[in-house]
Each structure stands twice: as C-alpha cells, then as structure tokens.
Amino acid sequence: TYNTHTRVVCSAHDLQRTFIPLIFCQRDILFLQLGCADNPIQNCDMFCLITEALSVCVCVQVKLWRLCDPELQQPSSPELTLRPGHGRLELVAFHPTSSGLLAVGATKSPLLWDTSRQDAPLAVLEQHGDQLQSLSWKQDGSLLASSCKVITTHHIPVSFMASPFMSKHDNGNVLFPLQLHPCLLVCYLFGQTVTATPFYDLIPLSSSLSLTLSLVSHCLADTSTRGVAMVPKLALDVMSCEVMRVLQLTDSCIVPISYQVPRKGSGQEFHDDLYPDTVGTTPAMSADEWWQGGNKQVKKNLHSTTNSHPTVLQDPARGCSTSSSPLSTPSSSAAPSRSPSSTSGLSSGFLPSPSPSQSAKAIQNLLGPTSKFRHIQGAVMHRDTHITNLRGLNLTTPGESDGFCANSQRVAVPLAISGGQIAILERSQPGRLPDTSMPTIQNSVNVVDFSWDPFDTHQLAVAGDDAKIRVWQVPEGGLTETLTEPEVILQGHTEKIYSIKYHPLASGLLVSSSYDLTVRLWDVDSGEEVKILSGHQDQIFGMAWSPDGKLLATVCKDGKVRIYDPRKSAEPVQEGPGPEGHRGARVVWVCEGKYLLVSGFDSRSERGLYLYAADSLSTGAIDTAMVDVSPSTLIPFYDPDTSVVILTGKGDTRVHIYEVVTEAPHFMPCSSFNSPEPHKGLAFLPKTECSVRDVEIAVGLMLTKTTIEPVAFRVPRVKKEFFQDDVYTDTAVCWEPALTASAWLSGMNGHHKKISLKPKDMTPVSEAPKEAPVRKYLPSSVYLEEKTDEQKKEELLTAMVAKLGNMDDPLPQESFEGVDEDEWVSDCDRKEVFHP
C-alpha cells in the first residue's frame, strides 16, 4: 500500500535519475538500487538545487542521503539522520532558495530544520487542529503554506474558487495540485488511484488576490495513478513547444505525460513567449542566512535548446510507453508496450518528444543498422512463364530433400507413381502439360533425394532407398521416352541415403550421407568411392561445401555441427554445439566462407537461425535469430554477391529474407514474400537468369500442387535505366568447373572466374550524371500569396472568355459550301420527275 502523501521526486538538473519507493515485504525500501530504511517511508523530497541531496521521512526520523554517480555503487547508509522527537513524521520539503533548510511535517506541527545542526530544529510552527496533510514553500522562499484535515490553510496569499472538475469527480480520491507554474500560471491536479489528470489555467479576477480555475485539458491514463512528479524545466524539449512533462507512477511502471502547445514552425523555431527565464540550480544563500532575514533569490537561466535523451523506466515484467497530451485537446496516454531496449530491469529517465527534424534519426538510432535490401519485393512472374497442369506429384519426400531441383534449362519433379519416377520438364516449353502420360526417369525404387550436376545441365543424380545412387543423362531437347537404364550406379552405403550434394568447383565429384552414419565421396566419372568420413552419432540433417571447395560442413541430430577436411582426415577437424531441437536442420556457408549459417529448431520447436564462426566452431553460435513456429525445416538459399539469405519450408506460404553481415547485428531482416497458397518447395536459378534491368537479385521456381511458377526478387530503385553496380558485383561463373575430381583429390585447389553482369548499353549508376533536384510542386508562397480584388476579377474574366472563345473567329457554318442556282429544282419539276 502507498501512503496518501507518498510521491515520486525528480532531481532538478540530474535528469537521468528518478526515485521510486518500491515496497518489498513490509519494511524494506529500495530507491532504484539504493537500499535505505528500516521502516515504511511516509514521504520523500529531493533538494532542487543540489542533485545528490535526497531527504526521506521514515516514521519518527528524517534520513538524508548523498547520492553519487548512477554508474557507481550507491551508499548503503544515510549521510545524516534527524530525530525531531515530535511524534510521527508525515511530510518533508526542501526550501526553494536556501541550501540545507528543510520543512518537516509532524503529526500536527510543521518544523523547520537546518541540516547543518542536528541537535534541534530552527523552529516549531503553530500546531494545527488535526493531522497535517501538506506543506508547500512559496517560490521566493518567504512563506510556507500548510493544510490539515480540518481544512484550515495558513500563509496562503491567494484564494481559490471552486473547481468544476473536483465537484464532478469526488469519488474518495485526494486531488492535490502538483505545482503552481511560476511562468504560465497553470495548475495541475492529480489524484491517487484515479486515471483522469486535469490541467487548469489560473485566470486572475478583478482583484489581484483572486484567481479562478479554468479547465484547459486532461489526460486519461490506462492505469490508476499512485504518484506524480514534475520533470524540471531544463529537461523539456523547447523546440517542440513542450511546456510541461509529468511522470505518472503506476503499479508497474512510470509513464511520462508530455504537454505541448501546437505552434506553427514547431521544431524549427524557439517560441520565447512560452519560455520566460527559469530559475537556475545554484542556492542563493544558506539556511542560517535565510533564518537571519535574508531573501536572496536564485539566479535565472535561459532555457537551453539541447535536451538529454534518456530511456523509459519500466518494470521487468511489464512495459510502459510515453503519452502526449497537447494543450488544445485532451488525449489519453499510450497503451503500455515493450521498451525498445533489449535489456530488462530498471533504467532511468525518459524520452522527450522528438522534433520533426529529429524523428528519422531517432527511429534509425532505435532500430539500429538496416539492410539496403530491406524493401526487397518478391513477385510471381507472368502466367506465360508458368508450367501448369502438374499431376501426381510426390509430396512426401524426406525432410533432408529440397523436394525438387532445377537448373537453367530444366526442372526435375518427383512423381507419386510406383517405381520412383521423376518428370523432367523443359523451362523453354512453359504452358499447360498434356493430360496424357509423359516420359519420365524410372528408378525402380523410392526416391529420397536428387540433384543436378552444376556443370552439366543434362546429368541428374538420384539417391534411392536401396542405398544406391543412380546417375542419369537427359538427352538434348528433353525426354522423348522413359529412361530405365542409368549411366552410372554408385554403390557403397549399407543403408538408405539421406541426401547428396555435388562439389561446387570440381567436376564429377559427389558427396552423400546415409543412415549408416557415414559421409562418402564419389568420383562419378569412374563410379568409385574415394573417401569415407565418420564421426556422426545420429541422423545427418544436412551438408554443405565451403565456397572454396576445401571443407565440408554437416549438422547432425546428435546436436553437433562439424567441419571436415576430406582430403586430410576422415574425422572432423572442428566440432561445436548445434541447435537444441531434433526436428531437422540445414547448413550453408556465408560471408565468403568465414561463417556457417544453420537453420534449425530450439528446445521449444521454434524455428531459428544460428550463426557460427568457421574458425571457432567449438565456442557455439555467435548470434541467433528466432523466426517463427512451424513444423517444416527452413531451407536456405544464399546469394554470395549480396549476402542475402532466402529461407522457406515445405508447406509454408511465407518466404523469409535476411541480409547476413559480419558485424552485429548479424541478421538484418528484409521484407518477406507471401505466396497465395502453400508451396511445396523453392529452387533457385543461376545469377545469369536475373534481369539486371529490373534489379532482380534472385530468381526461383516455386512448386505448388499443380504448377511451377517463377518468382523474381527485386530491389526497388528509382534510376532503373542505370546499371546498379552497388547491387551487382562481379559474379562467379559457377556453371563452369574450376578443376576435375582427380585434380581436387590430388590436393589441387581452384576458384571460379568472375564476370560482370552489366549490359553493354547500360551506364553504372555510380557514373550517372548528377542532376539538380526538380521541384515537383510550386512553393507554398505561390498558393498563399494574397491577391487584390482587381486581380481576382481579372482572372475570373479571363477564364470566362477562354471558355467562350474569340468573337472574331468565324462560325463553323460559314465554311460550308452551298449549291448553284441552276441546281435548285422547283416543286413542279420534282413532280414531273417522280410522276411522269
């Protein structure tokens, strides 16, 4: 429970520190990270002229704390303890102009205390008839006002008239004025456990000592108010015309409420009529000087236009957000939301309302670095490029398989027909497939995985559940009859095969993984097994060759990610912890082979991305990005030219896109692509299939139940007539081998040559001529220019004449040609003609 008088206090110029009394058990108190009292706090106040001085009223004593820098450890004991000996203490308030002068409210009497003298108070003022409820110093420090339960008021120099708000909202809650604003003559009333925050203007009457309250605005909060505090004037965002900021204490957080005056030019101009000079932060005199009759005032300072940018203070379990309420109209506070900060716990301060010129930078700072591909757009190409009327698709391929595969010329699709049949569709022949049967590749066993040779668009390797790999040769122009005899059969595994992958540089080199927990390398040309890799303890989810073709990475169900150097050792050269989930995973090399990207599941079956440093795999993932919850494994496609990874799963409707970078944050999300219906797979084509004129960075084929549809991923650009050389770096010629399988096995290494995708008739955008900005609209001065009555009349007449046309212009009928006299026929002649 909160004492009726307990309130939040805020330092005058230490804008980063706010103190909240948080009650733990019954007697322990914590001020942020500052423990202090042995008894419940009755009231607290901060000396407005000395940042580090905090006074706490605890039952029968007053404790003064000297606070240090927020980054340092706060003191565990008070610097000074005052024991007035006048019974229970309820209130405490520092003097506004003198240092070390304190007003303490006992049960019925106000006390004045000089903190430099601990033996006895300076004065014990007149005793009230009932419990003392409030104390307030006059701004110049000359008078002290007090009130008690019997509604007697002492030393008040002005009289107040009845407030319509208070009469309408008398529900047992105490409304008290937070502050009489010395510059604008406004009054703010708050009540604990209420949600309405009224805002009043003090209007002088005919008598100089009479004022009336006029309701200007109010703010409706979402939660009950437990305490309030006024943010110091020097913390306001004056360039946004913020005249006041109030901190509302709720059960779980502190909500800043900002009051702004709508002004033209807000954010660019300083409105000095709203901001008279305000008091500074240096004491005018000591307590002893004031007691001797001194009446010095604190020097005034001009408002500064530079404000701090603290962060929102919130409960770790519940968040809060800033609300704004302009003076002209009432508004409600924003709904509680999570703070942008990724760390939990208590922080200090509040975000001021940004000016329009600072909004973009502020949002950028909050969101952090963003990808230049963040607005990437996925679009299904024209229907003329689709292959339709697919029938009998096999939709139950193992999770380790991509579902289908494609190269620049043809697509291989598994069919749900006995004998493990695969349909070969030519990309050069889109359209509707015939209803009759078509020629296929017949494997005689169930197909588990298949892959095109990257250097031969006619060669297809197919792995079956009989532990054999069959290599087929598709004739030029596509299949004209069903193929039943493969070119080569690779045999060596003792159990069903998981997946197969071709080497990215060496021709005729294939790797396969199997239920026998081995990974084997094959020379396709000779049909021989050349290497056996061991070390896996469970099912192998995925494999990936490094970009230079030297290393092989695997991810396994035993929770390990491994890297092999097949030419040097059959055992892994590195091993590290993988995803915790056991539902499936994939692995791909990114960032020029310096990192490994693994897509998998966590212990709660949530899909995520895990980034590993390739040279320190044992240290675990250096970064993680959770994606969503779905049963299918995310299949990644990585574009090395843009460092963009595109991921989707079988049966998904959404394609996720990220840019992967070497610096934190490593995963920068981009716009996703949503398909109208669940797709069964996504296979990507070589970079040469992209249209650089449309700024396409990737083109894939999307397999649905009955169609194959090309999908282009484009980057929006304004000057598409130029070649976007910042997007299209030289790309590798990945369709040509760098060396043979035998050369690679002997220890040789190679690399792909690179080419530019720039057409000859396009100019790089980096070399485009610099054009002066063109104004799309006329300046506002043209529309706002005042015109005289004569000018308006002239414009009106001109417009009317323009519609009527020129009087001197000939009429249309004047250009018609008539008939000669001898061509006219009389009535008699006409009768003779028709009635001879």
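Along the sequence shown, the residues carry numbers beginning at 1.
Listed here is the closest heavy atom pair of Gly578 and Val561: CA-CG2, 3.6 Å.
Screening Tyr564, Tyr498, Phe541 for a ring-ring contact (aromatic ring centres under 6.0 Å, His included) with His536, the sole residue that qualifies is Tyr564.
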Cut-off 3.5 Å, no hydrogens considered: what does the side-chain donor-acceptor table look like for residues 473-488, sequence neighbours left out?
unit_1	atom_1	unit_2	atom_2	d
Gln473	NE2	Asp456	OD2	3.4
Glu476	OE1	His458	NE2	2.9

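No more than 12 heavy atoms of other residues, nucleotides or ligands sit less than 6.0 Å from atom NZ of Lys550. The environment of CE in Met748 is sparse: at most 12 heavy-atom neighbours from other residues, nucleotides or ligands sit within 6.0 Å. Within a 6.0 Å sphere centred on NZ of Lys680, heavy atoms belonging to other residues, nucleotides or ligands number more than 12. Counting non-hydrogen atoms of neighbouring residues, nucleotides and ligands closer than 6.0 angstrom, the CD atom of Glu592 reaches no more than 12 such neighbours. The local environment of NZ in Lys594 is sparse, with at most 12 non-hydrogen atoms from other residues, nucleotides or ligands closer than 6.0 Å.
Checked by atom type, the side-chain pair Ser499/Asp449 shows no donor-acceptor distance below 3.5 Å. No hydrogens or angles considered: a donor-acceptor pair under 3.5 Å links the side chains of Ser534 and Glu571. No side-chain donor from either of Asp538 and His582 sits under 3.5 Å from a side-chain acceptor of the other.
Not counting sequence neighbours, the partners of Glu575 by the salt bridge (charged side-chain N to carboxylate O under 4.0 Å, His left out) test are Arg562.
Between atom CG of residue Leu703 and atom SG of residue Cys405 there is a gap of 11.0 Å, rounded to the nearest 0.5 Å. The structure places CG of Asp639 at 10.5 Å from CD of Glu659, a figure rounded to the nearest 0.5 Å. Remark: Lys560 NZ to Ser618 OG distance equals 10.0 Å, nearest 0.5 Å.
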Ile708 and Val413: CA distance, side-chain angles, deciding distance, side chain to side chain contact (heavy atoms under 4.5 Å, CB included) verdict: CA-CA 10 Å; Ile708 296 178; Val413 181; 3.8 Å; yes
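In this pair, Phe455 and His752 present their aromatic rings tilted. The plane angle is within the 30 to 60° band.
For the pair Asp602 and Arg604, the salt-bridge criterion is met [side-chain N within less than 4.0 Å of a carboxylate O].
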